[in-house]
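Written below as structure tokens is the structure these notes are about.
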There are 2 protein chains.
Amino acid sequence: MSKGKTRADFMEYLRAKGLKTTQQRDVILDEFLRAGSHLSTEELYLRLRRKHPSIGYATVHRALKLFAESGIAEQRHFGDGQARYEATGQNEHHDHLICTACGRILEFEDPRIEQLQDEVAARHGFTIERHRLELYGLCKDCRPA
Amino acid sequence: MSKGKTRADFMEYLRAKGLKTTQQRDVILDEFLRAGSHLSTEELYLRLRRKHPSIGYATVHRALKLFAESGIAEQRHFGDGQARYEATGQNEHHDHLICTACGRILEFEDPRIEQLQDEVAARHGFTIERHRLELYGLCKDCRPA
DNA sequence: ATTTAAATTGAAAACCGTTTTCAACTAGGG
DNA sequence: CCCTAGTTGAAAACGGTTTTCAATTTAAAT
């Protein structure tokens, strides 16, 4: 899914909901896609401030919420108390490795784990809607030799 | 690990740290162990209020934090915005199934999943310190026939 | 182009769970 | 008992998130 496609999807969502295209949303979406994922509202707001000092925090917040509603982004919580957003790119589904020292976040995918999750859920009579798997630890660079 | 054992562990922690045994902590620990796990501070506070209306929210909060520090409880976040605590019973480690309809929380354990997590981590050069696996969906009773 | 209704914006205030402050009050060793 | 350090409850502070509101902008209908 290219960035252009993501943008088009978002525009289509706005149209379908009777919402408006604004300069702010354009700019915020640009920066969001450019910046790479797992940004907090605060981080995105600060990045935007550099070139667009008039954009308010509330607008960034509302834009991110809208991105999530439209399906082009997802909200995550990694336990540092603030929400983070990631673009729903090609990587349809994945889980995360989080470095507790430097904060780096890696993504991974393992169908075998998913399979076992389904098994566990079935064993308990659950129908899974979504899951969350996060591995916290030290990344290659932060690990003591 | 019996409740008596848990209580003894907590007392030992207090002693070791030069902290004090108080009526409030006694009562809060009692109710915490009696109530079953995954309670929020608010929930525990409300339960306590019935028999002990003078105990303040802050005291409950501090007691739970202390339980976690002492190792007899663990703090969890299931995405509803509030912290929950569970007693660290015999079940040393486990993950959770959370019903998105009724809020029921089941625990499970699967060494095969753990094993695969280790594999994934190793593949990325990570040293895992802890992980979090939560499966969200509908439980047996909430699932439409 | 102009008008107009509805959506959007930025700043500030409200929110909400959590944590801290502070003066009054205990626990428990000496 | 005293005395000191720890604890308590109420209320205030906190920090991230969300809402309010008057002013502004979008875009559909003239």
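Note that these values count all heavy atoms, side chains included, but never hydrogens, waters or copies made by symmetry. Throughout, protein chains are lettered first and strands after them, A, B, ... in sequence-line order, and every chain is numbered starting at 1.
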Test of ring centre spacing under 6.0 Å for A/Phe67 and A/Tyr85: no
When all nucleic acid strands are considered with a 4.0 Å heavy-atom cut-off, which category describes B/Thr21: base, sugar-phosphate, or nothing? sugar-phosphate
DNA chain D contacts made by residues 48-64 of chain B, counting heavy atoms under 4.0 Å: B/Ser54, B/Ile55, B/Gly56, B/Ala58, B/Thr59, B/Arg62
Consider only side-chain N and O atoms of B/His96 and B/Glu86, and report whether a donor and an acceptor are under 3.5 Å apart. yes
Between B/Gln23 and B/Ala83, who's closer to the 5' end of DNA chain C by nearest nucleotide? B/Ala83
5' priority, DNA chain D, between B/Gly18 and A/Asp80 [closest heavy atom]: B/Gly18
Angle class for the B/Tyr57/B/Tyr45 ring planes (parallel below 30°, perpendicular above 60°, tilted otherwise)? perpendicular
Name the orientation class of the two ring planes belonging to A/His93 and A/His131 (parallel below 30°, tilted from 30 to 60°, perpendicular beyond 60°). perpendicular
How about CD on A/Gln75, more than 12 heavy atoms from neighbouring residues, nucleotides or ligands closer than 6.0 Å, or not? yes
Below 4.0 Å from chain B heavy atoms, what is the first contacting nucleotide of DNA chain C and what is the last? C/dG17 to C/dG28
For B/Glu129 and A/Thr100, test the side chains for any donor-to-acceptor distance below 3.5 angstrom and give the result as yes or no. yes
Nearest-nucleotide check on DNA chain C, B/Thr22 vs B/Gly81; residue mapping nearer the 5' end is B/Gly81
